[in-house]
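Throughout, a chain's letter reflects where its sequence line sits, starting with A, and its residues are numbered from 1. Every value quoted in this text rests on a predicted model; they were computed, and no experiment measured them.
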Amino acid sequence: MTDSHDPAARHAPAAVTGPAPRSGAEPAAPPAPAPSSVSRRRLLGTVGVSAAVAGAALGAGGAVLATGHRAEAAEPATVPFHGARQAGIATPAQDRLCFASFDVAATTDRAALAALLRTWTAAAEAMTRGAGVPGHPGDLQSPPDDTGEAAGLTPGRLTITVGYGPSLFDDRFGLKGRRPSALKPLPYLPREDLDATASDGDLCVQACSDDPQVAFHAVRNLRRLAFGVLNPRWMELGFGRTSSTSPSQATPRNLMGFKDGTRNIDTTDAALMDQHVWIGAEEPQRWIRGGSYLVSRKIRMLLEAWDRDSLGDQQQVFGRDKSSGAPLTGRAERDTPDFTAKADGTYVIAADAHIRLAAHENNKGLRILRRGYSYTDGIDPVTGDLLGGLFFIAYMKDPGQFVTLQRVLGQHDKLNEYIEHVSGGLFATPPGLAAGQDWASQLFGSRTV
Amino acid sequence: MTSPAFSRRLIAGAASVAAAGLLLTACGGSGSGTSSAAAGADGKDASAKTAEVAVTITDAGCAPTPAKVPAGPVKFNVSNKDSGKVTEVELQDSGKMLGEKENLTPGLSGDFSLTLTAGTYQVWCPGAGHARSTFTVSGSSTHSWKDDPKLVAATTGYASWIDGQVKLLVSTTQTFTDDVKAGDLAKAKLDYGRARVHYERVEPTAEIWGDLDGRIDGRVDDAATPAQFTGFHRIEQAIWQKKSLKGMTPLATRLNTDVKSLYTQVKTVEYQPAEIANGATDLVNEIQSSKITGEEERYSHIDLLDFKGNLDGANEAVNVLLPVLKAKDPSLAAEIARRYAATATALAAYAAKPGYLDSGYVDYATVTSAQRRTLSQVVDAYAESVSQVAGKVA
């Protein structure tokens, strides 16, 4: 990655803009106006968010800054739990993630799993509206039902999204006949080296909130309710969203310093969502229609090596200007990349640039909804290098969409020199629940499980 | 000696606002999707009025206001007004600590809650000019567990079981310390576990006397100075790590004395039902925090025998309460029985005859991390259920 005579370098205005400003040096935007019911902690959180948005948008022009800022200010503190779709998919991406995967314990039967899913439904509904895990207070001799760390915090648009892995639909719980058609273990994909203990699982919970403690609290309490029924398999915390899922959100940056979510699906575009994300009438299993498939991948970034790469080469890897986020063929972040543009007989956006290989124009229109977060697991105990990168989450109507894209990216993406897929998961996320419905009756198809 | 509360860890566990019942009420609910704060169907009287007592720390002292309350639940609201030298308040019963709030630097406040029977107690704030104030509890609790013959039987049954275990601890420790004094390393190795298992069964009771527990069962990292590292684990280190009993005679003598003194003390203890239940939770938590990790028996690796001891102790505590629990919450009683069985079965997979060091189990060092995690999962589930018992029998 050291092509210093790279023709695209002249298109990359590195010398003009310099490296992306460090966040500490960025001017903070004024705090967003907040509803009067919002707590001080929420206000502080909002200030931080606005500053980050402003920083991220500085190079991209005032329009994006203003749009992003307005969106932050308008966001209510809660997202409805009930509805046709599960919240947490089309919901504008919150700032923080806590994601956990569980296996059903060997001693759990169908009735016990169903009972837990009913309990989870009630608890998730309560937590997303800002209440604690239901119970009755005042008993000094018993452990509190809620662990307490989210008391007094606003929910920060908390969403709790559940999904079911392929392994759940074996013969343990009589679910063989209800397996969503495309819910099968993913094939081996190029260059992946997945840690089985940190991959897959019978069930998953994605909790997203603008407050990290609220997201953690949600998973912690669902896990606590599941003692003896489910065993936690793995868990990941995401500390910064890496995609915008609505044009009203400014695109944040990944840990490589780039805007990598600009061309994501706009979740407010119902036709696009139906086309690419929601499972529709093509699926014989009616119960999962209106749901989606969730593919997770923990993608470690080799951050030390990346940080030693020249700006020109970094921009070639992505096909974007690091500072503005604009494609190398454009001037503003949301300009459509021109994959045909050449300079001196060479593509301006290189043949192996990430955005070229991932673009729907070059994949027969294939798109997925990305909803990933930056993560860190601290320091590599062997090398002392940073363990961190992208906890990739994507929703799609068929996991084949991811497989097709990843086969291309895994083989050809210039980015591969700096990343490793270290774990992964596939889950079917069911549609939303109507008031009075619960996850058990939805999954088992009966109220008498 | 009456023991209104049981050990410092139990009290810390009780010092928070509590709620109960989702797991049961939501599971049995109508599936309405919304779960309001419905009271549990256990008939428990959660409304016993809590007396609130303010304790303000100053350099001068920490007199409680009011200084007299009726028997029942009491919440101590402690605040440090401006004292840089006093940062802690304890409630004591004749020198035994029942509850405390520590690390209150100037401006900080906190609370702890206890259920107190009638008697005279002391509010103690070490370092203050007037460090000890009298606190009086009058009358009797309106609903005393002593009105329930089944609970009275549970407490006396538990007390005699504990006495019996500590008596066995005394005799097995005598044998072990004799081996040590005789310099018989091989025999000491086998007799170590035979004594340890009895201690592990009664650990929460032994912890009432913090100094004694520390001297008998403290680990190297519990000791402030090397000289304070004494007791079973000091000798364990000598046997398995240093492979020599040289210099151990005084430590053996002291261990023997301490264990005998524990026996004398234990015979005076009366147990409350909630204490017995909380002791069971403590024992299962002990398995999770120091046996599964291999930390307790880090030199000898007889952790599975300790695991069995803790599990026996918890099971005994639950069993004496079972007649009451079955009446008040049969589904919790059934869940605990299932989870105990799952834990016992998981442990039994490592049983061996005669086993490593005659312990009845394999060397814990041979148990892989994946196997330890499986053990941990069943223990965690059991602990979670057992933690619900105190609220049902109190």
Do A/Gln141 and B/Asn278 make a side-chain contact, defined as non-hydrogen atoms from C-beta onward lying under 4.5 Å apart? yes

A/Arg224 bridged to B/Asp380 by N-O distance under 4.0 Å: no

Could you tell me which portion of B/Arg338 (side chain, backbone, both or neither) has an atom closer than 4.5 angstrom to a non-hydrogen atom of chain A? neither

What closest approach, in Å, do B/Gly391 and A/Ser142 show between heavy atoms, and which atom pair accounts for it? CA-OG, 3.0 Å

So CD of B/Gln377 and CG of A/Leu230: to nearest 0.5 Å the spacing works out to 10.5 Å

Quick one: which residues of residues 161-168 of chain A reach chain B at under 4.5 angstrom, heavy atoms only? none

Set of residues satisfying ring-ring contact (aromatic ring centres under 6.0 Å, His included) with respect to A/Trp287, sequence neighbours excluded: none

Taking side chain as C-beta onward, heavy atoms only, is B/Glu384 less than 4.5 Å from A/Leu225? no

